[in-house]
Amino acid sequence: MLQSKLPDVGTTIFTRMSALAQEHGALNLSQGFPDFPPPHALRAALARHALEGHNQYAPMAGLPALREAIASQLRRHRGVHCDPETEITVVPGATEAIYCAITACVRPGEEVILLDPCYDSYRPAVILAGGVPVHVPMNAPAFAPDWERIEQAISARTRLLVINSPHNPTGAVMSREDLLQLEELVTRHGLLVVSDEVYEYLVYDGRRHHSALQFAGLRERCFAVFSFGKTFGVTGWKTGYCVAPPALTAELRKVHQFVCFVAVTPVQQALADFMTAEPDYALTLAAGYQRKRDLFCAALADSRFTLQPSAGSYFQLLDYSAISASDDTVLCEQWTREAGVASIPVSVFYQQRPPQRLLRFCFAKQDEQLLRAAERLCRI
Ligand SMILES: Cc1ncc(COP(=O)(O)O)c(C=O)c1O
């Protein structure tokens, strides 16, 4: 009756692993969200705005007060200047912005370069636009872009390149040199960029996040995408924003207004209040998450897994090659059932099965959960 436009897509691994964790009462370190509450002031502001009657459609591009707060944060934290009127769009989640940016730019037959492993929404968005995803792998242990391979993958049909730093699932953080290489490459080839920066504040051990917006050549050809869900620990609020130059923003909004039209009004009010009252709250996050990463990694010291502490994001990879040669998806399911800890197999983020044997664990969890999970993992 209907020939699927996405024949390879089933229920995502995140939904499957969370369901399996629940079924077997396993500790769930699979899905990427915190199990501790977001700031009280933020939640109180949401309740207040809903009760005070801010429950109807916001302006399509986002509440002016929130766009002002975003512009001010970008100035304060990144030294980036942008016009909230023409360059910032508030969206119902970073995923929607990525979809809208790809849909706005990619025509049938045009190619989009994706760096594997990559977040699972990029490829379906390209395919639905009639585009052709071209996957270029990044290799363990550094998971840095291989610029030579990327250049080789560029053709006359290449339209767009998607980057993600800090990176899900590997935690890799792109260096300034990487961004300079990207800037040189996309300028020379006339490509557009989607820069997924949803974990921008979660970088560790004194590293810095380099936003694509801080590089003049990228700034003029880039959709930079951010998520309040990740920054403020409110993934269920599904609100984020996209920063792009006026001409790109105009095209993004044409799609956004017919996909979702707006983001949720009282959520935007609450975020605007919170960011205005606590403009540097986001800068305090990394220390707390780094402590959690260290707690989890230290508790795994006696396990048979090997690891390199994550550089960014709230994910930690564990290498199980000393334990088993089995398929990572099979092991993930087995260890959820038998060891009582759910994780995500890293191969699902690749188009071509990778040689390494890695599982992804989310450490945005209460200390007690992390310690219990590590204890169980030490028994494997
Ligand atoms: C790399 C990456 N991009 C985008 C998103 C989606 O963000 P949002 O929930 O704001 O749509 C996620 C969520 O896990 C992610 O890991």
Side-chain angles (χ1 to χ4, degrees), residues 12-18 28-35 38 42 62 66 70 88-103 112 114-126 138 143 145 161-174 193-203 209 211-212 222-243 252 255-256 259-260 262-264 267-268 270-271 282 285 289 310-317 342-346 348-350 360-365:
T12 72
I13 187 79
F14 309 101
T15 306
R16 277 204 289 132
M17 291 312 297
S18 283
N28 189 2
L29 271 53
S30 65
Q31 231 173 335
F33 60 81
D35 70 348
L42 187 57
L66 181 55
I70 294 166
I88 297 175
T89 309
V90 180
V91 291
T95 310
E96 197 243 14
I98 293 164
Y99 180 84
C100 293
I102 290 173
T103 304
V112 177
L114 305 177
L115 307 183
D116 278 3
C118 70
Y119 182 58
D120 62 344
S121 84
Y122 305 159
R123 181 181 164 84
V126 174
M138 298 187 289
F143 294 104
L161 200 150
V162 182
I163 57 162
N164 169 216
S165 176
H167 187 252
N168 175 11
T170 66
V173 174
M174 273 197 202
V193 174
V194 168
S195 180
D196 180 340
E197 303 183 21
V198 299
Y199 299 103
E200 63 169 331
Y201 287 105
L202 309 186
V203 288
H209 169 65
S211 171
C222 167
F223 298 88
V225 177
F226 304 88
S227 173
F228 292 117
K230 302 294 178 185
T231 298
F232 295 125
V234 288
T235 58
W237 291 15
K238 284 301 284 187
T239 307
Y241 57 98
C242 178
V243 181
L252 174 104
V255 182
H256 162 68
V259 173
C260 277
V262 278
V264 174
V267 165
Q268 293 191 63
L271 288 163
L285 292 169
Y289 280 104
S310 174
S313 81
Y314 44 46
F315 301 113
Q316 177 62 52
L317 296 185
S343 60
I344 296 288
V346 168
V348 302
F349 297 90
Y350 279 88
R360 188 200 80 174
F361 294 78
C362 174
F363 57 82
K365 307 292 169 192

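Fair warning: this is a prediction, and the values are worked out from it, not measured in the lab. When a ligand or atom number is given, it counts from 1 through the structure's own listing order.
Evaluated by nearest non-hydrogen atom to atom 10 (O) of ligand 1, the leading choice among Ser227, Pro92, Pro166 is Ser227. If you check each of Asp196, Asp120, Val91 against atom 2 (C) of ligand 1, the one with the closest non-hydrogen atom is Asp196.
The shell of residues lying under 4.0 angstrom from ligand 1, judged by heavy atoms, includes Val198. The shortest heavy-atom distance from Tyr199 to ligand 1 is under 4.0 Å.
Neither the backbone nor the side chain of Phe228 has a heavy atom within less than 4.0 Å of ligand 1.
A cation-pi arrangement is found for Lys365 relative to Phe33, the charged atom lying closer than 6.0 Å to the ring centre and inside a 45° cone about the ring normal.
Checked by atom type and distance alone, the side chain of Thr239 pairs as donor or acceptor with a backbone atom of Trp237 at under 3.5 Å. With hydrogens and angles ignored, the 3.5 Å screen pairs a side-chain donor or acceptor of Glu197 with a backbone N or O of Ala212.
Short contacts between ligand 1 and Gly93, defined as distances under 4.0 Å to a heavy atom of the residue, involve ligand atoms 10 (O), 11 (O). Near Asn168, meaning under 4.0 Å from one of its heavy atoms, ligand 1 places the atoms 1 (C), 15 (C), 16 (O). Close approach of ligand 1 to Asn164 (heavy-atom distance below 4.0 Å) involves ligand atoms 1 (C).
Between Ile70 and Phe228, some side-chain heavy-atom pair lies under the 4.5 Å cut-off. In this structure the side chain of Phe14 reaches within 4.5 angstrom of the side chain of Asp120, judged on heavy atoms. Phe349 has its side chain out of reach of Cys118: every pair of non-hydrogen atoms, C-beta onward, lies at least 4.5 Å apart.
For atom 9 (O) of ligand 1, the closest non-hydrogen atom of the protein is Lys238 NZ, 3.0 Å. Summary of contacts: the protein heavy atom closest to atom 7 (O) of ligand 1 is Ala94 CB, 3.6 Å. Considering only non-hydrogen protein atoms, atom 14 (O) of ligand 1 sits nearest to Lys230 NZ, 2.8 Å.
A perpendicular orientation is assigned to the rings of Tyr122 and Tyr119, their planes being inclined by more than 60° (bins at 30° and 60°).
In summary, of the residues considered (Tyr201, Phe361, Tyr289), a ring-ring contact (aromatic ring centres under 6.0 Å, His included) with Tyr314 occurs for Tyr289 alone.
Below 3.5 Å of separation, one finds an N or O of Thr95 facing an N or O of ligand 1.
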